[in-house]
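Since the structure is predicted, the reported quantities are computational estimates derived from the model, not experimental observations.
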Amino acid sequence: MADPSSYRPKPGQIPDSPGVYRFRDEHRRVIYVGKAKSLRQRLANYFQDLAGLHPRTRTMVTTAASVEWTVVSTEVEALQLEYSWIKEYDPRFNVKYRDDKSYPYLAVTMNEEFPRVQVMRGHKKKGVRYFGPYAHAWAIRDTVDLLLRVFPVRTCSAGVFKNAARTGRPCLLGYIGKCSAPCVGRIPADDHWELADEFCDFMAGRTGTYLRRLEKQMMEAAEEMEYERAARLRDDIEALKKAMEKNAVVLADATDADLIAVAEDELEAAVQIFHVRGGRVRGQRGWVTDKVEDVTTGALVEHALQQLYGEERGDSVPKEVLVPALPDPVEPVQEWLTGRRGSNVSLRIPQRGDKKALMETVERNAQQSLVLHKTKRASDLTTRSRALEEIAEALDLDSAPLRIECYDISHLQGDDVVASMVVFEDGLQRKSEYRRFQIKGFEGQDDVRSMHEVITRRFRRYLAEKERTGEWVDEEPDGDLGQGLKDDEGRPKRFAYPPQLVVVDGGQPQVAAAKRALDELGIDDIAVCGLAKRLEEVWLPDDDDPVVLPRSSEGLYLLQRVRDEAHRFAITYQRTKRAKRFRSGPLDEVPGLGEARKQALIKHFGSVKRLRAATIDQICEVPGIGRKTAETIAAALARAAPPAPAVNTATGEIIDDEGPDTTEGSPGDPVTAGAPEERRGQET
């Protein structure tokens, strides 16, 4: 580990101008490339006190052994040079996106004498027009099969083409009219090239011209009573329309745009791109990257733009690029994109309308991509085993924690305080063991007290189960080891399995509260740790400094997954409770009255107000309601004070409650409608 002060440039050596810099390690390998508007100001940030640096930045500067820079004239030149160097040196500390897969493209080889339509993967070649990328190769073949009726372009390989030319016999597609057969001279080279060019125009979104032309030809053929030709043209039109329907219109203004969305956590980021041409989604692709440097969403977007358009020119760069966050500064990136396209490119965040709605779809795809990536990574047995071993080593445990329980507290500004308990066994979720808690010991917002209460309640139940089954002795029971953990009917007991590790979502205060709860119960054989969100630090009881696992550690990745799952489970429960509270009404207080019978009562009487005024005999007329239940309903409604009359704030008119039941949170409820929005705050 090098000391950054040993290779720090002397004051005044670094120019105060735009440029690109490279950090090299002791073996002269480039480990990081960056750009700056002012090299002097930017590099000075790397040579401050190590304690003030982000952990990933600290790792980079202590791995490096030297730094060098190149001065350029403008920030746009710096952006171009940074991209070139990242591609050339592949630095280990730079964000580098990797494709989830090798995406297939529909390619037209316009650089050949007789252009060919085919599926292509890998690096793009000069003189070839590409459309896509597509999710599956079969989607390309289906589209091509439809379009060959109208644009019978060559699709055969060079070997098949030469063999047909030698024998003078075209392939099957030539016989059935789906190839113009240039191999046997049925069409001149120039005419075939124009046919391929029209095919490219149609794929690029200029569809209206060809449809109108074919429709005109069809009408002319019908007027001349050439019905067979008119029928063929009709079928050609249907084929084109069917090919167009495969890509639904998403932007009514026929925009050419790329939409980029980012889903990220502390360790990884997923990028999804939708390519929209002529208002239709023509392609989709996704990348996943490790966040090996301290980087913002805007910087992730900038890296994605570099990779996406670094090798593109002309129309391959669309007029509009929609992103979730703008790079800082945005002007050099926009100027760079404009230079690559040759005309103005708009780089912005969509605010409303169809583009905003489509961006939300792209964001959902990015989230799903990140979840899928994590799921695939977590499903590997070898990876899970290594993760558990790394956790055991980092926390100084006697053995790998085969059962991990994680706890999280969730509330909305101190209301509806709940907690979650999630369980991972052998590194995988055990959802049947998940538990939810309502905080009962106090009211208000106090995550530390809440954590103490939850841990106490959970392990008090565990001790009660041990005491009831006589499992206090250290001797192993005879027979089936799991039999003592089941009730008389063979079902697993709740809270009967002890974990080897308890993880809490939080830092030192939450960890101390969990440890104190275990100590008060006399439990000393269960390890406790906390995972803080901000820097992904692992906190242990009674330790002033956190345990910092390597960024690439599978152990850290597993702890993060456990923590995130506990957070998701807690948030879901808290939102459910909040929604139920907003929808609650007098009928919810009637014991034994289910949803079906509540709906039957409201349907019969029309509203709670009319039900409150009904007699017991009238309530008994409702199907499924007996006299005893009717008496209970009448008593409950009598105890519940009628709600205050709703007032129309615009007119001052009192709104009579004679419509549908407002206690169920219907849109017209003057009391509850909009309440979740008005009370929405930060959820934890």
For the residue pair Phe151 and Leu195, what are the closest heavy atoms and their distance?
-> CA-CD1, 4.1 Å
Are side-chain N/O atoms of Gln118 and Thr109 paired as donor and acceptor at under 3.5 Å?
-> no
Under the salt bridge (Lys or Arg N to Asp or Glu O under 4.0 Å) test, residues paired with Glu302 that sit two or more places apart = Lys35
Is there a side-chain contact (heavy atoms from CB on, under 4.5 Å) between Leu549 and Leu559 once you walk through the steps?
-> CA-CA 10 Å; Leu549 293 174; Leu559 288 177; 4.2 Å; yes
To the nearest 0.5 Å, what is the distance between CD (Glu363) and CG (Leu358)?
-> 10.0 Å
Under 3.5 Å donor-acceptor pairs involving side-chain atoms of residues 182-193, not counting sequence neighbours:
unit_1 : atom_1 : unit_2 : atom_2 : d
Arg186 : NH1    : Gly174 : O      : 2.9
His192 : NE2    : Arg154 : N      : 3.2
Trp193 : NE1    : Met110 : O      : 3.4

Taking the side chain as C-beta and beyond, is there a heavy-atom pair between Asn111 and Val128 under 4.5 Å?
-> yes
Between OG1 on residue Thr74 and CG on residue Leu79, distance to nearest 0.5 Å = 9.5 Å
If every non-hydrogen atom of Ala230 is compared with every non-hydrogen atom of Met218, which pair is closest and at what distance?
-> O-CG, 3.6 Å
Any side-chain heavy-atom pair of Leu347 and Leu305 under 4.5 Å = yes
With side-chain contact (heavy atoms from CB on, under 4.5 Å) as the test, would you mind laying out the steps for His275 and Leu308 before giving the verdict?
-> CA-CA 11 Å; His275 303 279; Leu308 190 59; 4.1 Å; yes
Quick one: list whatever passes side-chain hydrogen bond (donor to acceptor under 3.5 Å, both in side chains) with Asn365, sequence neighbours left out.
-> Gln284
Hey, does the side chain of Ser346 reach the backbone of Glu320 with a donor-acceptor pair shorter than 3.5 angstrom?
-> no
Check the side chains of Asp258 and Tyr309 for a donor-acceptor pair under 3.5 angstrom, ignoring hydrogens and angles.
-> yes
Full working for side-chain contact (heavy atoms from CB on, under 4.5 Å) between Glu215 and Met219 = CA-CA 6 Å; Glu215 288 172 352; Met219 298 304 295; 5.5 Å; no
Using distance only, find each side-chain donor-acceptor pair of residues 321-339 under 3.5 Å and give its atom names and separation, not counting sequence neighbours.
unit_1 : atom_1 : unit_2 : atom_2 : d
Gln334 : NE2    : Val345 : O      : 3.1
Thr338 : OG1    : Gln334 : O      : 2.9
Thr338 : OG1    : Val345 : N      : 3.3

Evaluation steps, salt bridge (Lys or Arg N to Asp or Glu O under 4.0 Å), between Arg568 and Glu565 | CA-CA 5 Å; Arg568 180 201 65 79; Glu565 177 67 2; 2.8 Å; yes
Could you go through the side-chain contact (heavy atoms from CB on, under 4.5 Å) check for Met359 and Phe274 one step at a time?
-> CA-CA 9 Å; Met359 175 61 82; Phe274 276 25; over 6 Å; no
With sequence neighbours excluded, what pairs up with Ser66 under the side-chain hydrogen bond (donor to acceptor under 3.5 Å, both in side chains) test?
-> Arg28
So, do Arg563 and Gln560 sit near enough that their side-chain heavy atoms are less than 4.5 Å apart?
-> yes
Determine whether Trp69 and Pro9 make a side-chain contact, defined as any pair of heavy atoms from C-beta on separated by less than 4.5 Å.
-> yes
Rounded to the nearest 0.5 Å, how far apart are CD of Glu75 and CD of Gln80?
-> 12.5 Å
Which residues pass the ring-ring contact (aromatic ring centres under 6.0 Å, His included) test with Tyr175, sequence neighbours left out?
-> none
Search all heavy atoms of Phe23 against all heavy atoms of Ala64 and return the closest pair with its distance.
-> CD2-CB, 3.8 Å
Contacts of type side-chain contact (heavy atoms from CB on, under 4.5 Å), residue Glu220, not counting sequence neighbours = Lys216
CZ on Arg234 to CD on Gln217, rounded to 0.5 Å | 15.5 Å
Tell me, do Phe47 and Val67 make a side-chain contact under 4.5 Å, heavy atoms counted?
-> yes
Taking every heavy atom of Ala304 against every heavy atom of Trp287, the minimum-distance pair comes out as O-CZ3, 3.6 Å
Within-4.5 Å side-chain heavy-atom neighbours: Glu77 and Thr70 | no
Set of residues satisfying side-chain contact (heavy atoms from CB on, under 4.5 Å) with respect to Ser84, sequence neighbours excluded | none
State the CG-SG distance between Leu173 and Cys156, to the nearest 0.5 angstrom.
-> 8.5 Å
With Arg341 via side-chain hydrogen bond (donor to acceptor under 3.5 Å, both in side chains) - residues at least two apart | Ser343
How close do Val262 and Ala366 get, heavy atom to heavy atom, and via which atoms?
-> C-CB, 4.3 Å
Quick one: ring-ring contact (aromatic ring centres under 6.0 Å, His included) partners of Phe161, sequence neighbours excluded?
-> Phe114
Tabulate below the donor-acceptor pairs under 3.5 Å that side-chain atoms of residues 36-46 make, not counting sequence neighbours, or state none.
unit_1 : atom_1 : unit_2 : atom_2 : d
Ser38  : OG     : Asp16  : OD1    : 2.4
Ser38  : OG     : Gln41  : N      : 3.4
Arg40  : NE     : Ile14  : O      : 3.0
Arg40  : NH2    : Ile14  : O      : 3.1
Arg42  : NH2    : Tyr46  : OH     : 3.1
Tyr46  : OH     : Tyr21  : OH     : 2.7

Ignoring hydrogens and angles, tell me if any N or O in the side chain of Arg22 forms a donor-acceptor pair with the backbone of Val30 under 3.5 Å.
-> no
Distance-minimising heavy-atom pair for Ala269 and Glu264 = CB-CB, 3.9 Å
Pairwise side-chain contact, Gln272 with Gln368, heavy-atom cut-off 4.5 Å (strictly under) = no
Can you sort out the partners of Glu198 under salt bridge (Lys or Arg N to Asp or Glu O under 4.0 Å), two or more places apart, ordered by chain and number?
-> Arg213
If you round to the nearest 0.5 Å, how far is CZ of Arg24 from OG1 of Thr63?
-> 15.5 Å
Would you check if Ile571 and His567 make a side-chain contact, meaning some heavy-atom pair closer than 4.5 Å?
-> yes
